Amino acid sequence: MPELPEVETTRRGIEPHLLGHLLTGAQVRQPLLRWPVPPALSLKAPGRRVLAVERRAKYLLIRLDRGTIIIHLGMSGSLRLIPSKTPPGPHEHVDLLFGARCLRLRDPRRFGAVLWSDDDPLSHPRLAGLGPEPLGPAFDGDYLHWAGKSRRVAAKALIMDQRVVVGIGNIYANEALFRAGIHPGRSSGRISLERYARLAEAIKKVLECAIQQGGTTLRDFVREDGRPGYFVQSLQVYARTGLPCLRCGGAIREERIGQRSSFFCPSCQR
DNA sequence: AAATTCTCCTGAAGGC
DNA sequence: TGCCTTCAGGAGAATT
């Protein structure tokens, strides 16, 4: 599932191919994604040039000389760069054409989105109100401690709340909590500043490491050239139910916490 | 007000 | 073998 590392991997993959290029067309075969693809995409994007390819949270921002295309990969989305004449396969809903080259969105479960912003994309309703970037300077143990104090939500739910900090989904939440030695179900208000500092560091580490490996491919995610991400080999708890903890050898446990599958070592994580 | 539940969708996995 | 049911998951909306 695309989380921050997968989106950043995609951004880095497509940026050099799009920067400065003219968007020659936008074809929408299936507009019913998480939200309907706005007509503005097809009406306003063609004829514009790409000024920048950025990421905010799990959103990709393709900034044009007028307007910005906003793309979210949902949980099964991926973007490929292919020749424009390539016939579309199943679930390939949207094409952004750049002459002979095409940026194609495939999203079997259609939880993704393609949006349009006329002016500042960061003010778009979907992006306004997002928390700080976990790899940015505003995110540290002090901040997390502040955000979690006097709250009773599970630590895992706290760091997956995009209003608290962005980009962390189920996989990396599990991994970061393991690395920090914090039980995913622990109440947010009952974690010391010191442990929050460890957690913030663990989050940064695990995200940076995953970006270096090109993200995590479980099922659908591929990079712009079709290669998978290799961080799956570095997962220490996610989907390792019953397998030995890499730290103490005990069995990894799986429980549902906050409506999500959670994986943890009951002796290493408190 | 905060926390939980529901919702969208499809492919995979499990049951019989 | 194959059909039917169940479930995961990002994140906004609805509900408690």
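Proteins get letters first, then strands, A, B, ... in listed order; numbering begins at 1 in each. Bear in mind the structure is a predicted one, so any value in this text is a computation, not a measurement.
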Remember a base hit wins even if backbone is also touched, and classify A:S76 as base, sugar-phosphate or nothing at under 4.0 Å, heavy atoms. nothing

Looking at every strand, decide which applies to A:Y238 at a 4.0 Å heavy-atom threshold: base, sugar-phosphate, or nothing. sugar-phosphate

Take atom NZ of A:K58 and atom C1' of C:dG10, then tell me their distance rounded to the nearest Å. 6 Å

Does A:F111 lie flat on the base of C:dG10, that is, centres under 5.5 Å apart and planes under 30° off? yes

Calculate the interatomic distance between A:F221 atom CZ and C:dA8 atom C1'; express it in whole Å. 19 Å

Grab the CE-P distance between A:M160 and C:dA11 for me, whole Å please. 8 Å

Does B:dG11 have OP1 or OP2 under 4.0 Å away from a side-chain N or O of A:H91? yes

Regarding the side chain of A:V153, the nearest nucleotide among B:dA3, C:dG10, C:dA8 is B:dA3

Can a salt bridge be assigned to the pair A:E194 and A:R198 using a cut-off of 4.0 Å between side-chain N and carboxylate O? no

Can you name the closest pair of heavy atoms from A:H124 and A:W116 and give their distance? CD2-O, 3.8 Å

Quick note, A:R110 side chain, CB onward, closest among C:dA8, C:dG10, B:dC9 is B:dC9

5'-most contact on DNA chain C (nearest-nucleotide basis), A:Y59 vs A:E254, goes to A:E254

Between A:D95 and A:R29 (salt bridge meaning N to carboxylate O under 4.0 Å), is one present in this structure? yes

N-O pairing of A:K204 and A:E201 below 4.0 Å: no

Among C:dG9, C:dA11, B:dG11, which nucleotide sits nearest the side chain of A:P108? B:dG11

Indicate, with a heavy-atom threshold strictly under 4.0 Å, whether A:R256 touches base, sugar-phosphate, or nothing. sugar-phosphate

Atom-to-atom span, CG of A:L33 to C1' of C:dG9 - whole angstrom: 16 Å

Is the ring pair A:F231/A:Y172 parallel, tilted or perpendicular, if the boundaries are 30 and 60 degrees? tilted

Scan A:R34 against the nucleic acid and name what it touches under 4.0 Å (heavy atoms): base, sugar-phosphate only, or nothing. base

Is any NZ, NE, NH1 or NH2 atom of the basic residue among A:R240 and A:E254 found under 4.0 Å from an Asp or Glu carboxylate oxygen of the other? no

With DNA chain B as reference, determine whether A:S150 or A:R260 sits nearer its 5' end, using the nearest nucleotide of each. A:S150

A:E92 has an atom CD; how far is it from atom P of B:dT10, in whole Å? 15 Å

Considering only heavy side-chain atoms of A:W35, the closest of C:dG10, C:dG12, C:dA8 is C:dG12

Are A:R109 and B:dC8 close enough that a side-chain N or O sits under 4.0 Å from OP1 or OP2? no

A:R151 atom CZ is separated from B:dA3 atom C1', nearest whole Å, by 9 Å

I want to confirm an ordering. Mapping A:R126 and A:M75 to their closest nucleotides on DNA chain C, which one lands closer to the 5' end? A:M75

Ranking B:dT10, C:dA11, C:dG10 by distance to the side chain of A:E3, first place goes to C:dG10

Atom OH of A:Y172 and atom P of C:dG10: how far apart are they, to the nearest Å? 11 Å

Starting at atom CZ of A:R163, determine the distance to atom P of C:dA11, rounded to an integer number of angstrom. 12 Å

